[in-house]
Amino acid sequence: MSAGNLTLIDPLLPYDCRFLDSSKTLVVKVPRLELRGRLGRNRELVARLVRPVRVDDSLTLTLTAMLPSLAAKMAPVTEEMVGNHAVDLIALSIARTLEEETVRVSSSKAILLARIRTAVEARLTDSNLHARDIADAVGISVRYANELLSTQDTSIMQLVLARRLARCRYALEDPDQAHRTASEIAYGWGFGDLTHFGRKFKSAYSITPSECQNAGSSDVSDHDLKLTIPAHPPTSIVSSQLLECDH
């Protein structure tokens with residue numbers, strides 16, 4: 001690896017690392033289910049190198065390198081949002097390392113999963129969003145998109161709902177948005193029915209939107225506010241200045 005490159009390491013698989021003298025290595029640990037939700041089950045992506053060849057890959061590497069300087073300096077809600085975006089960028093860059101090669105179907109699926117998530121994130125505020133809109137943006141059928149997402153126990157519209165709820169939670173917990181009502185936030189993130197929003201929010205987080213807003217992020221536990229809490233070992237993502245990995 002050259003300085004600034006990034007690679008993916010799975011701690012459940014055997015590997016050997018050799019460090020040069022005075023080298024520095026940044027290790028970013030990502031919950032296995034978080035990465036699997038973006039890339040699927042794909043060991044072919046392990047030990048792939050992300051280099052600053054494309055502009056978006058340069059963005060991924062730059063943000064990853066900044067993470068240590070940002071840690072514990074942001075509001076909890078901002079920290080979580082930055083973390084989610086960082087994992088999105090990292091997953092997309094890793095998936096794209098296979099684009100220029102003759103790849104197996106599983107690798108193509110990983111790239112499509114990343115594109116589906118990107119298309120969803122970009123359209124969450126659209127209250128008239130339909131599964132067809134996401135599928136068309138990715139260039140595949142709704143049926144195939146849902147088939148891909150079924151490996152993550154979700155579907156297009158279930159993913160849309162989960163991401164909208166998460167965005168609403170971020171806003172409700174954010175002290176800088178305390179002046180906004182829960183209904184304003186819900187409408188802003190694409191919900192058209194407040195009863196539906198309240199019911200789904202309570203089901204996901206075991207707390208109502210108003211209770212969430214009143215309690216604030218410091219008073220609500222991570223357990224209460226996570227859609228899923230990974231029980232599997234983390235998958236490590238390594239961004240290194242000088243690192244050699246024999247996998």
Side-chain angles (χ1 to χ4, degrees), residues 31 33-38 74-89 91 113-138 140 142-143 145-231:
L33 293 185
E34 289 291 326
L35 199 59
R36 184 177 295 167
R38 292 162 170 81
M74 298 178 288
V77 62
T78 305
E79 193 171 78
E80 186 165 352
M81 290 180 71
V82 170
N84 282 327
H85 286 311
V87 175
D88 286 339
L89 286 170
L113 281 169
R115 288 176 173 169
I116 290 171
R117 288 184 61 90
T118 300
V120 166
E121 291 290 340
R123 294 163 176 79
L124 291 178
T125 59
D126 183 359
S127 60
N128 294 315
L129 183 63
H130 298 287
R132 169 58 60 189
D133 300 322
I134 301 299
D136 287 347
V138 180
I140 58 179
V142 172
R143 180 177 179 180
N146 283 330
E147 180 182 329
L148 291 172
L149 290 169
S150 68
T151 62
Q152 316 305 321
D153 296 322
T154 190
S155 66
I156 293 175
M157 296 314 294
Q158 286 175 340
L159 180 59
V160 169
L161 174 62
R163 295 307 302 146
R164 280 176 171 164
L165 288 172
R167 290 291 191 174
C168 289
R169 176 173 66 87
Y170 297 151
L172 289 166
E173 291 182 343
D174 185 2
D176 292 331
Q177 299 187 55
H179 62 284
R180 302 180 66 194
T181 64
S183 59
E184 178 187 356
I185 290 171
Y187 285 133
W189 284 110
F191 285 99
D193 184 330
L194 292 182
T195 300
H196 172 73
F197 164 65
R199 183 171 63 252
K200 292 298 183 180
F201 194 96
K202 179 69 177 290
S203 176
Y205 305 125
S206 300
I207 190 173
T208 66
S210 58
E211 289 171 341
C212 178
Q213 189 171 39
N214 291 335
S217 59
S218 61
D219 297 325
V220 183
S221 71
D222 286 342
H223 178 77
D224 288 336
L225 294 181
K226 293 290 186 182
L227 282 174
T228 57
I229 299 179

*Of the non-hydrogen atoms in Gln177 and Ala171, which two are nearest, and what is the gap between them?*
OE1-CB, 3.4 Å

_Strictly distance-based, threshold 3.5 Å: is any side-chain N or O of Asp174 a donor or acceptor partner for the main-chain N or O of Tyr170?_
no

_Check this for me, if you would: do Arg117 and Asp88 make a salt bridge, where the nitrogen-to-carboxylate-oxygen distance has to be below 4.0 angstrom?_
yes

*Go through the steps for Arg164 and Glu121 under the test salt bridge (charged side-chain N to carboxylate O under 4.0 Å, His left out), then give the verdict.*
CA-CA 9 Å; Arg164 280 176 171 164; Glu121 291 290 340; over 6 Å; no

_Rounded to the nearest 0.5 Å, what separates atom CG in Leu113 from atom OG1 in Thr151?_
5.5 Å

_Candidates Ile134, Asp133, Val138, Leu129 - the one meeting side chain to side chain contact (heavy atoms under 4.5 Å, CB included) with Val120_ = Ile134

*Does Arg199 offer a backbone N or O that forms a donor-acceptor pair with the side chain of Ser203 under 3.5 Å?*
no

_Any donor-acceptor pair under 3.5 Å from Gln158 side chain to Ser155 backbone_ = yes

_For a quick test of reading the model, state the closest non-hydrogen atom pair linking Leu172 to Cys212 and the distance between them._
CB-SG, 4.1 Å

*Regarding Arg169 and the six-membered ring of Phe201, is the cationic atom NZ or CZ under 6.0 Å from the ring centre and inside 45° of its axis?*
no

*What's the shortest heavy-atom distance between Ala204 and Leu165, and which atoms?*
CB-CD1, 4.0 Å

*Are a donor atom and an acceptor atom from the side chains of Tyr187 and Asp193 found within less than 3.5 Å of each other?*
no

*Would you indicate whether the side-chain heavy atoms of Asn146 and Val142 approach each other to under 4.5 Å?*
yes

*Look only at the side chain of Ser150 and the backbone of Asp153, and say whether a donor-acceptor pair between them is shorter than 3.5 Å.*
no

*asked:* Under the criterion side-chain contact (heavy atoms from CB on, under 4.5 Å), I'd like the reasoning laid out for Phe197 against Cys168: C-alpha separation, chi angles, the key distance, then a yes or no.
replied: CA-CA 10 Å; Phe197 164 65; Cys168 289; 3.8 Å; yes

_Which atom of Ile156 lies closest to which atom of Ala145, heavy atoms considered_ = CD1-CB, 3.6 Å

*What closest approach, in Å, do Arg180 and Gln213 show between heavy atoms, and which atom pair accounts for it?*
O-NE2, 2.8 Å

*At their closest point, which heavy atom of Val160 faces which heavy atom of Leu124, and how far apart are they?*
O-CD2, 3.8 Å

*Does Phe191 reach the side chain of Leu161, with side-chain heavy atoms less than 4.5 Å apart?*
yes

